[in-house]
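Letters A, B, ... mirror the listed sequences (proteins, then strands); counts begin at 1.
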Amino acid sequence: MHELGVVFYIIKDVKAVAEENHVDHVSSVVMDIGEVSTVVPHLLTDCWRWAADKEEMLKGCELKINTIPAVTYCDNCKKEYETVKFGKTCPHCNSNNTWLLRGNEVEINSIVV
Amino acid sequence: MEKVKVIEIKKSVFAENDKDADNLRKELKTKGVYLLNLMSSPGSGKTTTLIQTINRLKDKIRVAVMEADIDSDVDAIKIKEATGIPSIQLHTGGMCHLDAEMTRQGLDNVALEDADLVVLENVGNLVCPAEFDTGAVRNAMILSVPEGDDKPLKYPLMFSVCDLVLINKIDVMPYFDFDLERCKSYIHQRNPKAQVIPICAKTGEGVEAFVQWLLTEVNAWKTN
Ligand SMILES: Nc1nc2c(ncn2[C@@H]2O[C@H](COP(=O)(O)OP(=O)(O)O)[C@@H](O)[C@H]2O)c(=O)[nH]1
Ligand SMILES: [Mg+2]
Ligand SMILES: [Zn+2]
Ligand SMILES: [Zn+2]
């Protein structure tokens, strides 16, 4: 259900950019979604279809999703590792002194008009 | 054939809301009003905790409450009846979280000149309220014992945005394999700065510590 709220934000931003650029129809929106963001891609596209078709400017507009792999950095041994596989604990040195480098993005990358 | 053009945006979906939230916080600062965003799963004890807390606070500072549960206005009525303080119901239109814009609309219905502290009881859900900055000065959440001590591992974002975690329903600890120390260590893995206060909202045990935390916070916000 969270995805619908996110879709409304995307629509608001996309409409603003389209208007700024004097565009009257957007054919696709490209999103960058991190692997460990709180957004589930297929739910996002489902919500998108429902909500976007209600907007004249976005009728039939496709939502494309780039998945950004999640990477964690370890402050202890200064190495990187795959977040989804190992979580909070560094597989190189077992430290918990780690932080997410990327992978929680919910970003509008670009629109195609 | 129509010409195709790509317009780069490269902007977080939450960026607009973050800006709105920062503006709201600045306005609240000028008005000397402290907004607390209280989050939890449904049934963790937000309303019960608020009643206990407000009854200990209301002679010391002026408090108001905004209730944002999706379904009804029972919580707003309950708070008003049990504490006598002003309490309003926000209608989220089925939305699973509140953003800064909705919070602002809610605050328009609160007499801010008569309030030192406004508590926002957010929609019951551990996922998206964490992602949307409401404009509150601080975020707090309630984790209740029956939910399990591993929740900080399952909802890392929620725990990382909260300055305070209340662990509620400690009276039922004997019936669950909830390990308070383990839970604290999971919370601190996500957020080393989070304060943890165990409480029992039913009896009021531990609530005084939360009251003191609030008094210190509100005082600092109004004076610094
Ligand atoms: N045993 C016990 N029950 C509690 C405690 N705090 C709240 N409850 C009960 O939990 C249920 C949900 O509480 P409520 O405050 O409505 O939760 P909310 O949905 O988060 O606002 C109610 O039946 C409360 O009586 C507590 O400390 N111990
Ligand atoms: Mg409630
Ligand atoms: Zn939501
Ligand atoms: Zn390491």
Item to complete: Measure distances from A:Val17 to the heavy atoms of chain B and classify the residue's part below 4.5 Å as side chain, backbone, both or neither.
Response: side chain
Worksheet item: When heavy-atom pairs shorter than 4.5 Å are enumerated against chain B, which of A:Val112, A:Val39, A:Asn109 gives the highest number?
Response: A:Asn109
Item to complete: Could you go through the side-chain contact (heavy atoms from CB on, under 4.5 Å) check for A:Val30 and B:Val6 one step at a time?
Response: CA-CA 10 Å; A:Val30 183; B:Val6 177; over 6 Å; no
Worksheet item: Is any side-chain heavy atom of B:Ile9 less than 4.5 Å from a side-chain heavy atom of A:Asp13?
Response: no
Worksheet item: Given side chains that start at C-beta, do those of B:Leu157 and A:Asn104 come closer than 4.5 Å, heavy atoms only?
Response: no
Worksheet item: So, do A:Ile108 and B:Lys10 sit near enough that their side-chain heavy atoms are less than 4.5 Å apart?
Response: no
Discussion item. Looking at A:Lys78, I'd like to know if its NZ atom is crowded, meaning that more than 12 non-hydrogen atoms belonging to other residues, nucleotides or ligands lie closer than 6.0 Å.
Written reply: yes
Item to complete: Nearest 0.5 Å please: distance from the CD1 atom of A:Ile10 over to the NZ atom of B:Lys11.
Response: 11.5 Å
Worksheet item: Should we count CG of B:Asp108 as having more than 12 external heavy atoms under 6.0 Å?
Response: yes
Discussion item. Please classify the contact between B:Phe132 and chain A as side chain, backbone, both or neither, with a heavy-atom cut-off of under 4.5 Å.
Written reply: side chain
Worksheet item: Side chain, backbone, both or neither: which part of A:Asp32 has an atom under 4.5 Å from a heavy atom of chain B?
Response: side chain
Worksheet item: Does some side-chain heavy atom of B:Leu153 sit less than 4.5 Å from a side-chain heavy atom of A:Lys88?
Response: no
Worksheet item: Is it the backbone or the side chain of A:Val29 that comes under 4.5 Å from a heavy atom of chain B, or both, or neither?
Response: neither
Item to complete: Using non-hydrogen atoms and a 4.5 Å limit, figure out which bit of B:Gln189 sits close to chain A: side chain, backbone, both or neither.
Response: both
